[in-house]
Student: 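Starting off with a structure, shown below.
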There are 2 protein chains.
Amino acid sequence: MNGDFESIAGSKRSLHVQVAREIARKILSGQLPQNSVIPSEVDLCEQFGVSRTALREAVKLLTSKGLLKSRPKVGTKVVERAYWNFLDSQLIEWMDGISDNDEFCSQFLGLRNAIEPEACALAARNATVEQRMKLSEIFEQMCDIANADVFDQAKWTSVDTQFHSLIFNSTGNVFYLPFGNILTTMFANFIHHSSTDGSTCIEEHRQIYSAIMAGNSDKARLASSTHLQAVKDKLPI
Amino acid sequence: MNGDFESIAGSKRSLHVQVAREIARKILSGQLPQNSVIPSEVDLCEQFGVSRTALREAVKLLTSKGLLKSRPKVGTKVVERAYWNFLDSQLIEWMDGISDNDEFCSQFLGLRNAIEPEACALAARNATVEQRMKLSEIFEQMCDIANADVFDQAKWTSVDTQFHSLIFNSTGNVFYLPFGNILTTMFANFIHHSSTDGSTCIEEHRQIYSAIMAGNSDKARLASSTHLQAVKDKLPI
DNA sequence: ATAAGCTATTTGGTAATACCAATTTTTGGG
DNA sequence: CCCAAAAATTGGTATTACCAAATAGCTTAT
């Protein structure tokens, strides 16, 4: 029984996910270089102290995220970074502590900058009646939290996440759907809202909300851009 | 031996991927409804004529793409569509023939519209010297193909894919990397270039290329938007 | 020197078994 | 008759052992 095993077996999640996370972090951190061949299945089984089945499931998981590629006889290789699926929520979670947090959040904002204004514009045009009703409901909650005497950070993050996710879900475009989950993951793991966010952001959100409800896509796009610019100004870099 | 088995065993890809594809397509087409519980592992093993291990690997693969979620005793459930990762290349491939092709391409263009202009702008600012050299090389090839006596559609698609992928890789932002693969997958599976594309598009690509090389991000963004508008005008819807 | 074929290695796939956790059913007391 | 505790059932989790397929690199024969 080696140390690696204990640390893995003690945790909660299913075994192969834990093994996958360990390997993923070694890849993401560069400890296992791109194009290098990782140890054979049996070696890794010994190293992690798990069965071959569990390890194989882990390798399959990483293969599906574009981190590994297996071939008989050759072994399992780390594929080039260009093929890693950074738009996978689980992979994003695994990034925790790997790269500089501020830089990572800044890059994510670079993605939001492209996606969200357009998503808001599409939502203004395509949101269903049910989605508009739900958005109203969520916005009401945002107001309540922003106007409360004591600012509840956890609640704000939750509602903020729901607000932006619902917009992605209201675009009527399947390719925008995943961004809701990515945003949720980022908010939950990397982005820490300050206590002043509620009061200052509520007007920006109101602009987005009103434009979408009014079906004014240009105004929605603009309001989203403005909001993201404000978010950017708060970032350390 | 039932029919399902034969059709799967005869194919090329690894077994669990084939099983995963079968199940995925049933989910994507709505044949297995959202939130429904799929048959138990042993039942599915019989149905597909594969071992429990192979089926489990398939389920794991689909879980990682957000299509399924397993819990002991409860069984394996199809999760809601909002959680499906439509930004996964393999999932996109599996969509073939499921939804209306023109509509699907149109929606994809809706994504490109958001992402690519910003990617071009970032690339203009952040591309390394090596990346700029590589982009030059690719653009040269585009010109050659466009100016050739007979238009080679396969070559054009290949080079066009490389051109756009390289731009995503040159943004210096990890969240833009996966779009290169998504675009490659879409070009290979869904988007069919007409023979007139080469001659008409080359000037648009030149605008993008020049702006990036000149480090003019605003011009790059605009050139990309113009190009995508031209692409849109060619779509049937 | 070269091409055909062999061999060892590494992943791919199957089957049997034990285990654990959640739900459902049974059972027994009030 | 009701309710709660305990037992059986069910379905995913994990391990083990074994065989098949693929292939890089060596060997051997021409």
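Note: hydrogens, waters and symmetry copies are ignored here, and every other heavy atom, side chains too, is used. Each chain gets a letter, A, B and so on, in the order its sequence line appears, and its residues count up from 1.
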Student: Please report the distance, rounded to the nearest Å, between CZ in B:Arg56 and P in C:dG13.
Tutor: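 It works out to 15 Å between those atoms.
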
Student: Under 4.0 Å between a Lys/Arg side-chain N and an Asp/Glu carboxylate O for A:Lys60 and A:Glu57?
Tutor: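 Salt bridge flag = no for A:Glu57 with A:Lys60.
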
Student: Let's see if you can work this out: which of D:dA14, D:dG12, C:dG13 has an atom nearest to the side-chain heavy atoms of A:Ser51?
Tutor: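 Selected nucleotide: D:dA14.
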
Student: Could you give the CG-to-P distance, from B:Leu44 to D:dG12, as a whole number of Å?
Tutor: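 Going from B:Leu44 (CG) to D:dG12 (P), I get 8 Å.
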
Student: Rounded off to whole Å, could you give me the CG-to-P distance for the B:Asp43 and D:dG12 pair?
Tutor: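 One finds 9 Å between P of D:dG12 and CG of B:Asp43, rounded.
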
Student: Relative to the 5' end of DNA chain D, which residue comes earlier, A:Arg52 or A:Lys73, by the nucleotide with the nearest heavy atom?
Tutor: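 It is A:Arg52 whose nearest nucleotide is closer to the 5' end.
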
Student: Begin with the C-alpha distance, continue with both residues' side-chain angles, and end with the deciding distance and a verdict on side-chain contact (heavy atoms from CB on, under 4.5 Å) for A:Phe48 and A:Leu15.
Tutor: CA-CA 10 Å; A:Phe48 287 108; A:Leu15 196 49; over 6 Å; no

Student: Can you check side-chain contact (heavy atoms from CB on, under 4.5 Å) on B:Met95 and A:Val174, steps first, answer last?
Tutor: CA-CA 11 Å; B:Met95 290 286 293; A:Val174 293; 5.7 Å; no

Student: For a quick test of reading the model: is some side-chain N or O of A:Arg71 closer than 4.0 Å to OP1 or OP2 of D:dA24?
Tutor: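 Yes, because at least one side-chain N or O of A:Arg71 sits under 4.0 Å from OP1 or OP2 of D:dA24.
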
Student: Whole angstroms only, please: what is the CG-P distance between A:Leu15 and C:dA18?
Tutor: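 Roughly 20 Å, once rounded to whole Å.
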
Student: Would one find a side-chain N or O of B:Ser70 under 4.0 angstrom from OP1 or OP2 of D:dG11?
Tutor: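 No, outside the criterion.
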
Student: Can you tell which of D:dT15, C:dT10, D:dT13 lies closest to the side chain of B:Glu41?
Tutor: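 Out of D:dT15, C:dT10, D:dT13, the nucleotide with an atom closest to B:Glu41's side chain is D:dT13.
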
Student: Please report, rounded to the nearest Å, how far the C1' atom of C:dT11 is from the NZ atom of A:Lys60.
Tutor: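 In whole Å, C:dT11 C1' and A:Lys60 NZ are 8 Å from each other.
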
Student: For the pair made of CD in B:Glu57 and C1' in D:dT13, what is the distance, rounded to whole Å?
Tutor: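 Computing the B:Glu57:CD to D:dT13:C1' distance gives 14 Å.
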
Student: NZ of A:Lys77 versus P of D:dA24: gap in Å, rounded?
Tutor: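 So the two atoms are 11 Å apart, to the nearest Å.
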
Student: Under 3.5 Å, is there a donor-acceptor pair between the side chain of A:Arg25 and the main chain of A:Asp96?
Tutor: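 Pair found, side chain donor or acceptor close to backbone of A:Asp96.
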
Student: Using a 4.0 Å heavy-atom cut-off, does A:Ser40 contact any base of the nucleic acid, only the sugar-phosphate backbone, or nothing at all?
Tutor: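 Sugar-phosphate contact only - A:Ser40 comes under 4.0 Å of backbone atoms but never of a base.
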
Student: Does the side chain of B:Ser89 come under 3.5 Å of the side chain of B:Glu93 through a donor N or O and an acceptor N or O?
Tutor: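 No.
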
Student: Could you state the NE2-P distance from B:His16 to C:dT14, rounded to the nearest angstrom?
Tutor: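 To the nearest whole Å, that distance equals 12 Å.
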
Student: Between A:Val74 and A:Leu55, name the one whose nearest nucleotide on DNA chain D is closer to the 5' end.
Tutor: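 Nearest-nucleotide comparison on DNA chain D picks A:Leu55.
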
